[in-house]
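Reviewing the structure listed below.
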Number of protein chains: 4
Amino acid sequence: MQSRTSAARPGRPRSAAAATAILAATREVLVEVGWSKLTLGDVATRAGVAKTTLYRRWSGKNELVVDAVAELFDELELPDRGTLAADVEGVVLQFAAILARPEAKSGLMAVVAESTRDDALRQRIGESIVDRQKRLVLEGRARAQARGELPPEPDAAESARTMDLIFDVIAGAVVHRALVSAEPVDATWARSFTALLLNGLTAATTD
Amino acid sequence: MQSRTSAARPGRPRSAAAATAILAATREVLVEVGWSKLTLGDVATRAGVAKTTLYRRWSGKNELVVDAVAELFDELELPDRGTLAADVEGVVLQFAAILARPEAKSGLMAVVAESTRDDALRQRIGESIVDRQKRLVLEGRARAQARGELPPEPDAAESARTMDLIFDVIAGAVVHRALVSAEPVDATWARSFTALLLNGLTAATTD
Amino acid sequence: MQSRTSAARPGRPRSAAAATAILAATREVLVEVGWSKLTLGDVATRAGVAKTTLYRRWSGKNELVVDAVAELFDELELPDRGTLAADVEGVVLQFAAILARPEAKSGLMAVVAESTRDDALRQRIGESIVDRQKRLVLEGRARAQARGELPPEPDAAESARTMDLIFDVIAGAVVHRALVSAEPVDATWARSFTALLLNGLTAATTD
Amino acid sequence: MQSRTSAARPGRPRSAAAATAILAATREVLVEVGWSKLTLGDVATRAGVAKTTLYRRWSGKNELVVDAVAELFDELELPDRGTLAADVEGVVLQFAAILARPEAKSGLMAVVAESTRDDALRQRIGESIVDRQKRLVLEGRARAQARGELPPEPDAAESARTMDLIFDVIAGAVVHRALVSAEPVDATWARSFTALLLNGLTAATTD
DNA sequence: GACTAAGCGAGACGGTACGTCCTGTCTTGCT
DNA sequence: AGCAAGACAGGACGTACCGTCTCGCTTAGTC
């Protein structure tokens with residue numbers, strides 16, 4: 001509502017080009033030197049922008065990196081592959097593809113680490129990054145229910161709890177495999193993992 | 001024979017007390033200010049030690065924090081609870097208990113993040129922290145097989161692959177729940193998760 | 001034309017107050033702890049300035065101390081006392097008065113010592129300090145020639161050589177008396193020294 | 001008296017070779033890196049000696065350098081050249097020859113600078129270095145008096161005062177020429193200087 | 001068409017931490 | 001006791017970034 005009218009604040013408007021250049025420069029630097037050696041001064045220089053311009057829009061390194069990495073998740077999409085298993089594998093592989101990019105690898109865990117002491121940051125990560133992926137899982141379940149692969153949810157609370165569990169399992173396993181074990185998340189692994197997960201789910205519900 | 005038994009190198013030997021004090025101080029500082037504001041100078045001061053002493057033994061913040069956090073995992077142990085499900089829940093809860101401590105929370109993800117650009121660091125984390133937990137899972141499986149809950153492994157390679165998958169799922173899910181979703185890993189969650197995992201496993205093997 | 005008048009370089013201009021405060025702080029510290037224990041960090045703190053600001057303008061301790069001490073020589077002046085002898089005594093006593101100040105005592109010899117291995121430093125000392133005093137001697141000679149106490153110089157090269165000799169004798173003797181022998185350069189000593197010097201000069205010229 | 005009886009102190013006696021090696025190493029380092037970058041650890045290493053050995057004998061850098069430089073003055077000697085003027089020139093050139101050596105150049109002014117805040121150091125310099133040269137001047141005067149070039153001294157106090165003046169003039173002028181003006185003290189300069197000095201003295205005494 | 005108000009580049013500023021170097025002291029075991 | 005070796009507490013170094021601040025200069029909207 002506020003931004004719609006936008007009220008034409010007096011003074012020179014902020015340059016849209018600057019924001020784009022800064023986020024792109026941030027990802028470049030992440031790729032080249034990693035999170036811990038990323039410098040706001042360096043980012044500003046590469047973006048051809050003054051440090052003041054950067055600080056006018058982001059309060060610090062963490063916020064900037066979250067936004068820079070979040071843009072990587074814009075491309076997430078879940079093509080309908082026909083079966084629940086195929087859809088899950090799709091989510092897994094898409095997520096893994098993003099995690100394989102050095103700008104995500106380096107930045108993502110770092111901001112998560114920072115977020116353990118900064119609630120505002122955690123919330124920002126949740127909105128910009130986590131929820132973006134969660135949406136895919138929700139969509140997949142809706143499709144599966146439409147296809148009749150899964151029964152409709154009778155209890156909303158129970159449903160939400162299961163959803164969270166599934167999401168933690170999927171996202172957690174992929175991240176752990178990719179970053180901690182440092183092994184490739186390829187089609188083979190995705191198939192094994194999906195089998196484990198779906199068997200667990202269907203067996204559980206038939207209990 | 002000479003180098004194995006230290007051979008009484010010339011000069012004043014390194015103080016054993018210093019290492020202990022430094023690691024303890026590191027955990028203290030992690031609790032108080034978190035990883036990103038942890039300063040080696042600060043750690044040294046608290047430990048009552050000169051910065052030189054610290055740098056003589058650790059090459060930097062990352063290595064130091066890995067060792068400091070690794071000590072937290074020394075207490076890991078897996079009491080025999082009688083059934084596979086109970087044992088898995090035990091592992092999950094023990095791991096979650098460590099992750100709930102602020103010194104681990106703050107430091108663990110940070111060093112994992114750093115390790116994405118530093119192979120030596122990743123290996124160090126693997127040996128000091130990850131393998132320590134993996135051992136519990138291996139032990140749990142052996143017990144289950146002894147009890148007859150799980151069949152013996154016919155194919156060693158396949159067995160190792162399954163083991164890795166299980167480990168990524170357990171560790172990943174717990175970490176994601178605790179640090180990213182920031183929800184408590186309590187007995188209820190542990191039971192749901194274990195059910196999902198074991199159902200997945202047994203169903204899968206009967207396929 | 002552009003660079004002469006500074007041309008309004010971009011960015012925030014350097015604070016003039018900072019330079020003043022730094023040089024004053026340097027002299028304070030010289031008085032209190034002497035050259036060898038003078039710390040650039042300490043100077044910066046006292047001046048209410050960051051170390052960066054200090055290093056942006058001076059390349060190190062030596063350059064800083066030269067400038068700080070050089071300012072002491074700003075007050076040098078040679079009142080016309082009527083005779084050559086009186087003027088020489090005036091120069092001697094003025095120089096001695098500066099050397100008696102602890103900030104000069106402590107710093108001057110130290111930078112001279114350093115200058116034996118640093119040509120740029122020696123040149124800086126020459127311009128900022130030595131030449132300032134030399135000027136007085138030149139002025140004294142011109143006056144004496146105007147008064148008819150000394151004959152005009154026929155040979156410029158010979159004149160320069162004599163001038164250098166006289167200057168080394170005056171400056172050297174005063175410094176040696178004050179700093180090495182550590183005896184006061186008072187009116188009595190100045191009179192004896194001046195007699196020796198002027199007798200030597202006039203006798204020499206009559207040879 | 002103490003060293004005569006020496007009493008065969010218990011324990012291993014101090015190695016005489018160590019002291020020699022340390023002083024030689026000190027001069028080497030002075031030549032190579034100069035006073036300000038000379039390190040006691042470095043000296044010890046070069047001398048093939050432990051730092052403890054060094055500290056057992058000298059209390060610090062200044063004392064060590066004074067002793068190392070003082071040894072250079074051991075070779076001072078004043079051959080009888082027949083006339084007072086020749087003897088003075090001899091002293092001047094000998095002193096200049098030592099000052100021309102980099103180990104003296106670098107170290108001598110530095111310890112003098114330090115001595116402005118350390119009386120014990122000044123005394124040590126006086127005894128080890130300054131008096132060594134002063135002796136030559138005294139000897140020269142005695143010879144000149146024996147030859148009849150100078151009258152015998154009637155008043156001891158006046159004599160001492162004149163002696164000090166002469167010494168400050170000679171030593172001061174040579175040091176200033178060599179280190180501050182950084183011009184060579186060669187035979188030509190020595191002749192001009194000596195003429196100035198002796199003319200001043202004889203004219204003064206005939207006043 | 002001047003005025004106002006904010007954005008922008010540049011770069012200096014007060015700070016904090018870095019990782020290294022040196023000091024002078026202290027253990028070691030050997031001589 | 002002396003001695004080589006080397007660890008130790010402490011402190012300064014000179015550098016790198018941080019986040020803020022002044023500069024002079026756009027670049028829009030409003031009178």
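Proteins get letters first, then strands, A, B, ... in listed order; numbering begins at 1 in each.
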D:W35 has an atom CH2; how far is it from atom P of E:dC22, in whole Å? 14 Å
Can any side-chain N or O of A:K105 pair as donor or acceptor with the backbone N or O of B:R117 at less than 3.5 Å? no
Looking at DNA chain E, which of residues 44-64 of chain D put a heavy atom within less than 4.0 Å of it? D:K51, D:T52, D:Y55
Rounded distance in Å - NZ (C:K37) to C1' (F:dC13): 17 Å
In whole angstrom, give the distance that lies between atom CZ of C:R12 and atom C1' of F:dT22. 5 Å
Contacts of B:T45 meeting side chain to side chain donor-acceptor pair (under 3.5 Å) (sequence neighbours excluded), chain-then-number -> none
Residue pair C:L38/B:G11 against DNA chain F: nearer the 5' end by closest nucleotide is B:G11
Rounded to whole Å, CG of A:L40 lies from P of F:dG19 at a distance of 6 Å
Start at the 5' end of DNA chain E and walk down; is the nucleotide closest to B:D42 or to C:P13 reached first? C:P13
Return the set of residues passing side chain to side chain donor-acceptor pair (under 3.5 Å) with A:T39 (not counting sequence neighbours), or none when no residue passes. none
Measuring from the side chain of C:R14 (C-beta onward, heavy atoms only), which nucleotide among F:dG6, E:dG19, E:dA12 has the closest atom? E:dA12
Backbone N/O of D:R124 and side chain of D:S128: donor-acceptor pair under 3.5 Å: yes
Please determine if A:R27 and A:E71 form a salt bridge, counting it only when a charged side-chain N lies under 4.0 Å from a carboxylate O. yes
Counting heavy atoms from C-beta on, name the nucleotide in F:dA12, F:dG14, E:dA5 closest to the side chain of C:T39. F:dA12
Gap separating the CG atom of B:L64 from the CG atom of B:L30, nearest 0.5 angstrom: 8.5 Å
